[in-house]
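Step one of this worksheet: look at the structure below.
Note that ligands are numbered from 1 as they come in the structure, with each ligand's atoms numbered from 1 the same way. Keep in mind it's a predicted model, so treat the numbers as computed, not measured. Atom set for the values below is all heavy atoms of this structure, side chains included, hydrogens, waters and symmetry mates excluded.
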Amino acid sequence: MNPRNGYDIEDLQPGMSGSVSKTVTEADIVLFAGISTDVNPVHIDESYAVTTPFGGRIAHGILSAGFISAVLANKLPGPGTIYLGQTLRFKAPVRPGDTVTATVTVKEVIVGKRRCILDTVCTVDGKVVIEGEATMLCTSSAAA
Ligand SMILES: C/C=C/C(=O)SCCNC(=O)CCNC(=O)[C@H](O)C(C)(C)COP(=O)(O)OP(=O)(O)OC[C@H]1O[C@@H](n2cnc3c(N)ncnc32)[C@H](O)[C@@H]1OP(=O)(O)O
C-alpha cells in the first residue's frame, strides 16, 4: 500500500473489486445541473420529462458515472492513483431516489507501465445502468 492507503501496482491482482452506493436525490440532480451547466430538460423539467419515453426526470449519466470515479479514488486502486481513461455505456436510466452501486473489478495489471485496467459497472436494484472500462495510473512500491 502507498502512504495514503491506496494500492500500489504491485498489490493488485485480477479479480480484486470494490464498491460504493449512493442514493441520487432530486437535490443532487439540480446541483449537478448547476455545477456542470448541463440543463437538459429531461433532468430538471418534470413537465417536459413526462412527455419523453422515460416518463419522468432522469439523472445526468455523468453524475452516476461519478460514483465510478469515487470507488477508484477512495477504494481501488485508491488514494494516490490517477484516472487516465474511461469508457461508458448508459444502459438504463437512473431516476431520483434510485440507489446506484458502482463496482470496479481489476481486469489487467501492467506492472512495468504502472497501469491497471478495471471493469466498471453501476447497478440499480441489481440492474446494470452503466458499464465500461477504466484505465488507471497507479503508485508503485518500487518508486517509493
Ligand atoms: C446529453 C446527456 C444526456 C444524458 O445524460 S441522458 C442520461 C444518461 N442516459 C441514459 O440514462 C440512457 C440509458 N439507456 C437507456 O435507457 C436505454 O439504453 C435506451 C432507452 C436508450 C435503449 O434501450 P432499448 O430501447 O431497450 O434498447 P436495447 O434493446 O437495450 O438496445 C437496442 C440496441 O441499442 C444498443 N444500445 C443500447 N444502449 C446502448 C448504449 N448505451 N451504448 C451503445 N449501444 C447501446 C444495443 O446494444 C442494441 O443494439 P443491437 O440492436 O445492435 O443489438
Strictly under 4.0 angstrom, heavy-atom based: which residues surround ligand 1?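 The answer is Asn40, His43, Phe54, Ile58, Ala59, His60, Gly61, Arg89, Phe90, Lys91, Ala92, Pro93, counting any residue whose heavy atom sits under 4.0 Å from ligand 1.
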Side chains of Thr139 and Arg4, heavy atoms from C-beta outward: is any pair under 4.5 Å? no
Which atom pair, heavy atoms only, marks the closest approach of Cys122 to Ser64? SG-O, 4.0 Å
Minimal non-hydrogen separation, Pro79 against Asn74, with atom names: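 Closest approach of Pro79 to Asn74: CD-O, 3.9 Å.
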If you draw a 6.0 Å radius around CG in Leu84, do more than 12 non-hydrogen atoms from other residues or ligands fall strictly inside?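 Atom CG in Leu84 is crowded, with more than 12 foreign heavy atoms closer than 6.0 Å.
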Indicate whether any N or O donor in one side chain lies under 3.5 Å from an N or O acceptor in the other, for Ser19 and Thr103. yes
Identify, with sequence neighbours excluded, every residue that meets side chain to side chain contact (heavy atoms under 4.5 Å, CB included) alongside Pro14. Val109
